[in-house]
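Notes to accompany the following structure.
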Amino acid sequence: MDRDPPSAAHGGGPRRVEPRIDGGRLASMRLPRPAPVEAGNERPAWWWWVVAALGVAMLALLVVRKPLADRLWPETRAQQLRLDAAQALVEGRLTAPDGSGARELYEAARALEPDRLEAREGLARVGEAALRQADAAVDAGHPAEAWRALELARQMHVPRARLDQVEARLRLREMDAADVDQWLVGAHSARVAGQLVGTADSALPLYERVLAVQPDRVEALEGREDALSALVRQAWMAMDEGALARAGRLLRLARGYDAGHVDLPGALAELARRGEQVQQDAARALAQRRLPQAQALWSELLAADPAHAAARRGLDEVAGAWAARARREAADFDFQAAEAALREARATANVLGSSSVDLDKVERDIAAARQVSQRVQAPGGERLSPSERERRLVDWLERAEAARARGDLLTPPGDSAYDRLGAARALAPDDPRVREATARMLPTAVACFDDALRGNQLVGAGRCLEASAVLGMDGAALATARARLAQRWVAVGDERLGAGELERADAAIDAARALDPRAPGLDDLARRLRAASIEP
C-alpha cells in the first residue's frame with residue numbers, strides 16, 4: 001500500500017523518499033509487445049551475406065594493400081626501386097648476385113617502366129661509378145678488383161676511350177710486377193748460345209714475352225732483331241746445303257715474329273729462285289720416269305712451301321705414275337715389283353694427304369692379275385717345257401689378236417682380247433711379240449674410250465680407260481682422259497639430281513671423285529646433294 005509522505009509536522013523537516021518496487025506486482029504485470037515490423041520493411045537474408053563479404057574484402061584490402069597497389073599503380077613500385085638503387089649506388093654496392101645492387105635494382109625499375117629515362121640514367125651512373133672503382137683499385141694495387149670493375153663498366157657501355165685509359169694503367173701496373181729483367185737475361189743467354197726457337201726458353205719466345213708486357217722495351221726490340229737476323233742466316237746456310245725444306249721452315253718462323261724484318265725479303269726471294277730450279281728438276285725427272293727422284297724433289301719443295309700448288313700437282317702425278325707402274329708390273333705378273341710400286345704410290349699420296357688416284361682400285365687390279373696368273377700355270381704348278389710354253393704363247397697371242405679384230409677388247413670376260421693378252425704376258429712378259437701385241441692393243445683401248453665417251457657410255461669408257469692404263473698409256477694423256485670422264489660424271493650427277501634421283505646422283509659423284517677429286521663443279525654438286533638429302 002502506498003503511504004502518504006510524512007508531513008513536516010511529523011518529521012520535523014523534509015526527508016528523501018526512496019521508491020519501493022513491489023516484485024510480485026511487477027511480475028504480474030504484462031509488458032506491452034513491440035509493434036510488428038511491417039512487411040515492406042523486412043531485410044532479405046542475402047543482405048547479411050553482402051555485408052559479410054564487404055567486411056572480408058575490407059580486411060583483405062588492409063592486408064594486401066601494398067602488393068595490390070604495386071599492381072594497380074606500377075609507378076609506385078618502380079619509384080621505390082629507383083630510390084633503393086640510388087641508395088645502393090651511394091653506398092658503393094654497384095652489383096650483387098642477390099639483386100640488391102644498384103645495377104640490378106635499376107634494371108628492375110627499367111623493366112617496369114621501359115619508357116622512362118630515370119632508370120637508364122641510373123645505369124649510366126653505375127657505369128661511371130664502376131670506372132671510378134677500377135681506377136681506385138689500380139692505384140691501390142688490387143688488379144683483380146680493377147678487372148672486375150672494368151668489366152662492369154664495359155657492360156654498362158662506358159665510352160671505350162675512357163675504358164682503354166684505365167685498362168692501360170692497369171696493364172702497366174701488371175707489367176711492373178712481372179720479372180721482365182729476368183726474361184731479358186734468359187733471352188740474351190739463349191741468343192748467344194744459338195737457341196733461337198723451338199722451346200719456351202729460347203731467345204725469340206722470351207723476347208716476345210717481354211714485348212707483350214712492355215712493347216717499347218729497347219733491349220727486347222734490339223735483341224729480337226739480332227735473333228731474327230741470326231735465324232735468317234741459318235736459313236741461308238740451309239739453302240746453300242740444298243735443304244730447302246729446313247730453310248723454308250726457318251723463314252716462316254722469322255716471318256711469324258716480324259714480317260717486316262729487314263733481312264727477310266732477300267732470303268725469301270732466294271728461296272723462291274731455288275724453288276723454281278727444284279721444280280724444273282722435278283718435272284724433268286717425272287717426264288723421264290725417274291719416279292724416286294721426282295718424288296723426293298717435289299716433297300722437298302712442298303715442305304719448303306706447304307702452299308706450293310705446283311708441288312702438290314707434281315706429287316699427285318708421281319702417285320699416278322707409281323700406280324701405272326704397279327699395274328704394268330702386275331700385267332707382267334711381277335707381283336713383287338707391283339706391290340713395291342703400290343707402296344710408293346701410297347707413300348706419295350700420304351705426303352699430300354689425298355690423291356686423285358684410286359689406289360684401292362690398283363690393289364684390286366693386282367689381285368685380279370694374280371688370278372689370271374694362276375689360270376695360265378701348268379696343272380699341278382709344274383714348270384712348262386720350252387716347246388709347251390711356246391705353243392701356249394702363240395695360241396694366246398693369236399686368240400688375243402682375233403678378239404681385237406672383232407672388237408672384243410674387254411668382253412666377254414676371260415675370252416676378251418685384254419684377258420688373252422694378259423695370259424700371254426703371264427707366260428712371257430719380256431717376249432718381243434708380247435710387247436708388240438701390247439703396243440698394237442693400246443690404240444684400240446684408247447679408241448674404245450673415245451667411242452664410249454662419245455656415246456655417253458661412261459661405265460664402258462671407264463673400263464676402256466683402265467685397260468689403257470695397264471697397256472701403258474702416257475701419264476699426261478691418262479690424266480687428261482680421267483679428267484674428261486670425271487667431268488661427264490659430274491654432268492650426269494647434275495642431271496640426276498635435277499630429276500630427284502638422289503641415289504644415282506650420289507653414285508655419279510663417287511665415280512667422278514674416284515677419277516678426279518678436283519673436277520670442276522664436283523664440290524658444288526656434292527653440297528647441293530647434301531642439302532637435297534636433308535629431310536624436311
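As the structure is a computational prediction, the values presented were derived from the model and not from experiment.
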Residues which pass side-chain hydrogen bond (donor to acceptor under 3.5 Å, both in side chains) with [X], listed by chain and number, not counting sequence neighbours:
| X | answer |
| --- | --- |
| Arg364 | none |
| Ser229 | His261, Asp263 |
| Arg273 | Glu270 |
| Arg513 | none |

Is [Y] paired with [X] through a side-chain N to carboxylate O contact shorter than 4.0 Å?
| X | Y | result |
| --- | --- | --- |
| Asp431 | Arg435 | no |
| Arg252 | Asp305 | no |
| Arg217 | Asp181 | yes |
| Arg284 | Asp281 | yes |
| Arg404 | Glu401 | yes |

When Arg191, Arg224, Glu219 are each screened for side chain to side chain donor-acceptor pair (under 3.5 Å) with Tyr207, the one that passes is Arg191
- Applying salt bridge (Lys or Arg N to Asp or Glu O under 4.0 Å), run through Asp516 and Arg484 and close with a yes or a no. CA-CA 9 Å; Asp516 183 6; Arg484 290 172 58 199; over 6 Å; no
Extract all donor-acceptor atom pairs below 3.5 Å that involve side chains of residues 501-509 and protein atoms in other chains or at least two apart in sequence.
| residue | atom | partner | partner atom | Å |
| --- | --- | --- | --- | --- |
| Glu501 | OE1 | Arg496 | NH1 | 2.7 |
| Glu501 | OE1 | Arg504 | NH1 | 3.2 |
| Glu501 | OE2 | Arg496 | NH1 | 3.0 |

TODO: Start with the C-alpha distance between Val446 and Phe449, add both sets of side-chain angles, then the distance that settles side chain to side chain contact (heavy atoms under 4.5 Å, CB included), and finish with yes or no.
DONE: CA-CA 5 Å; Val446 173; Phe449 168 76; 5.6 Å; no
* Carefully, step by step, assess His188 and Leu206 under the rule side chain to side chain contact (heavy atoms under 4.5 Å, CB included). => CA-CA 9 Å; His188 177 74; Leu206 284 175; over 6 Å; no
Search all heavy atoms of Leu315 against all heavy atoms of Gln295 and return the closest pair with its distance.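 In this case the closest contact between Leu315 and Gln295 is CD2-O, 3.9 Å.
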Report, one line per pair, each donor and acceptor closer than 3.5 Å where one atom sits in a side chain of residues 237-249; sequence neighbours left out.
| residue | atom | partner | partner atom | Å |
| --- | --- | --- | --- | --- |
| Asp240 | OD1 | Arg274 | NH2 | 3.1 |

Going by the rule side chain to side chain contact (heavy atoms under 4.5 Å, CB included), which residues pair with [X] if we only count those two or more places apart in sequence or in a different chain?
| X | answer |
| --- | --- |
| Ala230 | Leu196, Arg233 |
| Ala479 | none |
| Asp451 | Arg454 |
| Ala283 | Trp298 |

Taken in chain and number order and not counting sequence neighbours, the residues that satisfy salt bridge (charged side-chain N to carboxylate O under 4.0 Å, His left out) with Glu225 are none
Is the closest side-chain heavy-atom distance between [X] and [Y] below 4.5 Å?
| X | Y | result |
| --- | --- | --- |
| Asp360 | Arg346 | yes |
| Val492 | Arg488 | no |
| Leu478 | Ser468 | no |
| Trp396 | Leu421 | no |
| Glu344 | Val318 | no |

Quiz item: Does anything in residues 450-523 pair up under disulfide (SG to SG under 2.5 Å), and if so which pairs, sequence neighbours excluded?
Solution: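 As it turns out, the disulfide (SG to SG under 2.5 Å) pairs with a partner in residues 450-523, which skip direct neighbours, are Cys448-Cys464.
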Worksheet entry | Option from Leu204, Leu264, Leu228 for which side-chain contact (heavy atoms from CB on, under 4.5 Å) with Asp258 holds |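 Per the side-chain contact (heavy atoms from CB on, under 4.5 Å) rule, the option paired with Asp258 is Leu228, out of Leu204, Leu264, Leu228.
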d(Leu301 CG, Gln279 CD) to nearest 0.5 Å is 6.0 Å
Practice item. Walk me through it: do Glu466 and Arg463 pass the test salt bridge (Lys or Arg N to Asp or Glu O under 4.0 Å)? Key: CA-CA 5 Å; Glu466 292 174 6; Arg463 289 199 294 265; over 6 Å; no
Does any donor atom in the side chain of Glu276 or Gln280 lie under 3.5 Å from an acceptor atom in the other side chain? no
* **Arg169 vs Gln165, side chain to side chain contact (heavy atoms under 4.5 Å, CB included): CA-CA, chis, key distance, verdict** => CA-CA 6 Å; Arg169 293 184 59 238; Gln165 290 177 355; 6.0 Å; no
Quick check: does any side chain N or O of Gln487 sit under 3.5 Å from a backbone N or O of Ala519, one acting as donor and the other as acceptor?
no
